[in-house]
J.: 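Once you've had a glance at the structure underneath, I'll fire off some questions.
Only this structure's heavy atoms are used, side chains among them; waters, hydrogens and symmetry mates stay out.
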Amino acid sequence: MKVYCLYDPKYDVFIKEVVNIILDKYGNDLHLSSLEEIELISKEDISYETDGKVLSSRKIIVTSRLYELLPTLNINDLLENNNYKLLKKTLYHEMGHITDMTFMPKLYKCVLDNDEIDKNYIASLFWLEYIAERRTSGFENVNDLEICDDIAKRKWNCSMADPYGHYNEKNFFYLTKILPYFMAEYSGFRAPAVR
């Protein structure tokens with residue numbers, strides 16, 4: 001598997017180390033035979049705020065947002081840093097999606113290979129995100145409760161479903177994408193890994 005960051009050599013070395021740590025610790029719970037690449041990209045290269053995304057069964061991208069919040073790139077100095085834990089959680093979450101593709105190929109096909117946002121797409125997206133986030137809820141004793149607060153504070157009035165923009169409280173697609181995170185994080189339950 002190729003792990004890399006093209007725009008910053010320091011991040012290139014760092015992400016390789018972090019992926020190796022995750023694989024050493026959690027690799028037995030993951031099925032990553034189809035995964036060929038993990039790329040760290042600048043957060044400016046994507047049009048909405050995200051920490052990671054599965055592009056296909058072969059490629060994951062993670063953004064620089066959490067990496068830029070780190071006080072150092074020395075892993076030994078980061079062991080208790082929440083942003084470090086969250087970036088590891090993001091990588092594990094996305095690797096979990098790759099694993100789940102093995103067990104739920106029809107649901108993933110409905111989301112990854114469908115240009116039409118229909119009820120099957122929305123339902124599949126919701127449950128796939130919920131399952132993946134449920135697995136990572138409480139990962140290494142860190143929870144991302146900020147997302148819960150953010151969702152609860154918004155005044156949701158959905159009048160569109162746009163997967164490509166308008167990531168705000170008017171977008172039903174956006175609500176469908178983030179609501180599973182709220183449900184999984186708020187529950188505080190960490191489900192066992194899917195086998």
Side-chain angles (χ1 to χ4, degrees), residues 1-6 11-43 45-46 48-67 83-115 117 120-140 142-144 147 163-164 173 176-185 189-195:
M1 174 186 347
K2 184 178 177 183
V3 179
Y4 60 100
C5 174
L6 295 175
Y11 286 155
D12 185 66
V13 171
F14 184 74
I15 191 169
K16 286 176 174 140
E17 288 181 63
V18 173
V19 167
N20 284 333
I21 289 167
I22 292 170
L23 293 176
D24 285 347
K25 191 168 184 179
Y26 304 105
N28 289 336
D29 295 333
L30 300 166
H31 300 276
L32 304 174
S33 60
S34 68
L35 184 60
E36 297 171 1
E37 295 179 59
I38 299 175
E39 181 180 6
L40 171 58
I41 64 171
S42 172
K43 67 183 181 189
D45 290 344
I46 198 155
Y48 56 93
E49 187 176 303
T50 185
D51 292 330
K53 181 176 182 170
V54 169
L55 298 182
S56 71
S57 63
R58 295 184 307 275
K59 185 169 183 176
I60 292 171
I61 59 169
V62 290
T63 68
S64 62
R65 187 185 78 81
L66 291 167
Y67 296 76
N83 290 318
Y84 173 64
K85 291 178 183 181
L86 285 172
L87 72 85
K88 289 195 305 180
K89 178 182 176 178
T90 297
L91 281 162
Y92 184 70
H93 173 97
E94 301 306 333
M95 290 175 181
H97 278 305
I98 300 296
T99 298
D100 291 344
M101 285 179 192
T102 304
F103 302 107
M104 298 175 273
K106 289 182 181 179
L107 288 175
Y108 276 92
K109 182 173 178 48
C110 187
V111 172
L112 293 174
D113 298 340
N114 192 350
D115 292 331
I117 308 301
N120 294 325
Y121 181 106
I122 294 288
S124 298
L125 176 68
F126 179 88
W127 288 111
L128 293 173
E129 288 298 344
Y130 179 73
I131 290 165
E133 189 60 23
R134 210 35 208 236
R135 174 187 305 109
T136 56
S137 179
F139 180 84
E140 295 193 355
V142 67
N143 287 300
D144 189 5
I147 195 168
Y164 307 109
F173 176 85
T176 302
K177 178 82 172 142
I178 64 170
L179 191 56
Y181 290 83
F182 174 85
M183 292 171 59
E185 287 296 331
F189 175 78
R190 184 169 188 271
V194 176
R195 296 231 183 245

J.: In this structure, which one of K88, K43, R65 forms a salt bridge (Lys or Arg N to Asp or Glu O under 4.0 Å) with D51?
T.: R65
J.: Output all residues satisfying side chain to side chain contact (heavy atoms under 4.5 Å, CB included) with S56, sequence neighbours left out; order by chain, then residue number.
T.: R58, K59
J.: With F126, which residues qualify under ring-ring contact (aromatic ring centres under 6.0 Å, His included), at least two apart?
T.: none
J.: Taking side chain to side chain contact (heavy atoms under 4.5 Å, CB included) as the definition, give me every residue that meets it alongside L125, ordered by chain and number, with sequence neighbours left out.
T.: V111, Y121, E129, F173, T176, K177
J.: Give a yes or no on whether K16 atom NZ has more than 12 heavy-atom contacts from other residues, nucleotides or ligands under 6.0 Å away.
T.: yes
J.: Which residues pass the side chain to side chain contact (heavy atoms under 4.5 Å, CB included) test with C110, not counting sequence neighbours?
T.: N114, N120, S124
J.: Sequence neighbours excluded, which residues qualify as side chain to side chain donor-acceptor pair (under 3.5 Å) partners of N83?
T.: none
J.: Go through the structure and list residues passing salt bridge (charged side-chain N to carboxylate O under 4.0 Å, His left out) with D24, not counting sequence neighbours.
T.: none
J.: Rounded to the nearest 0.5 Å, how far apart are OG1 of T50 and CD1 of I178?
T.: 11.5 Å
J.: Hey, what do you get for OG1 (T136) to CD1 (I131), rounding to the nearest 0.5 Å?
T.: 12.0 Å
J.: So, using side chain to side chain donor-acceptor pair (under 3.5 Å) as the criterion, who are the partners of Y11 when residues are at least two apart?
T.: none
J.: Relative to each other, are the rings of Y26 and Y92 parallel, tilted or perpendicular (30° and 60° limits)?
T.: tilted
J.: List for me each residue that meets side chain to side chain donor-acceptor pair (under 3.5 Å) alongside K25, sequence neighbours excluded, and say none if there are none.
T.: none
J.: Under the rule for side chain to side chain donor-acceptor pair (under 3.5 Å), what residues qualify as partners of E37, not counting sequence neighbours?
T.: Y4
J.: CE/M101 to NE2/H31 distance, rounded to the nearest 0.5 angstrom?
T.: 14.0 Å
J.: What residues form a side chain to side chain contact (heavy atoms under 4.5 Å, CB included) with I21, not counting sequence neighbours?
T.: I75, Y84
J.: So, are R135 and D29 salt-bridged, with charged N and O less than 4.0 Å apart?
T.: no
